[in-house]
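First up is the structure itself, then whatever we jot down about it.
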Amino acid sequence: MATVAELKAVLKDTLEKRGVLGHLKARIRAEVFNALDDESEPRPSLSHENLLINELIREYLEFNKYKYTASVLISESGQPVVPLDRQFLIRELNAFEESKDDTIPLLYGILAHFLRGTKDDLQNPFLRGSSLQPPNPNLGEQPSRRKQRGMNFLGFTI
């Protein structure tokens, strides 16, 4: 007869091999955050910059099929449920699409632009002055290495 520990190990192994363990963990996290979300507390209004940044991130998350992560972003940020129009984003960013494939997230194009650029390239079509001031003077510094903590659910760290 198998022990509980052995059954857990086999179950975990099977779920990993099927590729569903990660999805289950993400789904559980999203549901826990939704359950803990205090809807009586009003959300701060989104700045124009945050609206654009969140939309770029959402487009990236949905493209890569991180749907639970995207749902948490929308829920926590107060981002509109209906995605912003892509052409609106392009106009607001003073950007242009080099590729005709509009299924590729704009973040990939922005990253490609910066990877091709030089240190002397100060004229950047993707940057405009922000009306926001960094809340932290150490914002540009390397983040300290923190031990990543997860939640324990049915003996699994998620």
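Owing to the predicted nature of the structure, the values given are computational and were not obtained by experimental measurement. Below, all heavy atoms of this structure are taken into account, side chains as well, without hydrogens, waters or symmetry copies.
The line from NE2 of H113 to CG of L106 is 13.5 Å long, rounded to the nearest 0.5 Å. In this structure, CG in L84 is found 12.5 Å from CD1 in I90, a value given to the nearest 0.5 Å. Separation of atoms CG (N50) and CD (E55) is listed at 12.5 Å; rounding is to 0.5 Å. To the nearest 0.5 Å, atom CD of residue E92 and atom CD of residue E49 are 10.0 Å apart. Interatomic distance, F63 CZ to Y108 OH, rounded to the nearest 0.5 Å: 5.5 Å. Here CD of E16 is found 10.0 Å from CG of L11. Values are rounded to the nearest 0.5 Å.
Here the shortest heavy-atom pairing between P105 and R86 reads CA-NH1, 4.2 Å. Shortest non-hydrogen contact noted between R58 and P80 is NH2-O, 2.5 Å.
The main-chain N or O of Y68 is found under 3.5 Å from a side-chain atom of S71 such that the two form a donor-acceptor pair. At distances below 3.5 Å, not a single donor-acceptor pair connects side-chain atoms of N64 with backbone N or O atoms of Y66. Formation of a donor-acceptor pair under 3.5 Å by the T14 side chain with backbone atoms of V10 is found in this model. Between the side chain of Q79 and the main chain of L51, a donor-acceptor pair closer than 3.5 Å is present. Remark: side-chain polar atoms of D13 are not paired, donor with acceptor, to backbone N or O of A9 under 3.5 angstrom.
Through chains of ILVMFWY side-chain contacts below 4.5 Å, L111 is grouped with L115.
Take K65 and apply the salt bridge (Lys or Arg N to Asp or Glu O under 4.0 Å) test, not counting sequence neighbours, and it matches no residue. Looking at residues two or more places apart in sequence or on another chain, you find a salt bridge (Lys or Arg N to Asp or Glu O under 4.0 Å) between R27 and E31. Checked against side chain to side chain contact (heavy atoms under 4.5 Å, CB included), T103 has the following partners two or more places apart in sequence or in another chain: D101. Residues passing the side chain to side chain contact (heavy atoms under 4.5 Å, CB included) test with I57, sequence neighbours excluded: I53, L61, L73. Scored by the side chain to side chain contact (heavy atoms under 4.5 Å, CB included) test, E6 finds A2, T3 as partners (sequence neighbours excluded).
Between L93 and L56, some side-chain heavy-atom pair lies under the 4.5 Å cut-off. Here the side chains of E59 and P83 are not in contact, with every heavy-atom distance at 4.5 Å or above. The shortest side-chain heavy-atom distance between R29 and V32 does not fall under the 4.5 Å cut-off.
The aromatic rings of F88 and H48 lie perpendicular to each other, with more than 60° between the two planes, well past the 30° mark.
One hydrophobic cluster, built from ILVMFWY side chains closer than 4.5 Å, cannot hold both I74 and L46; they sit in different ones.
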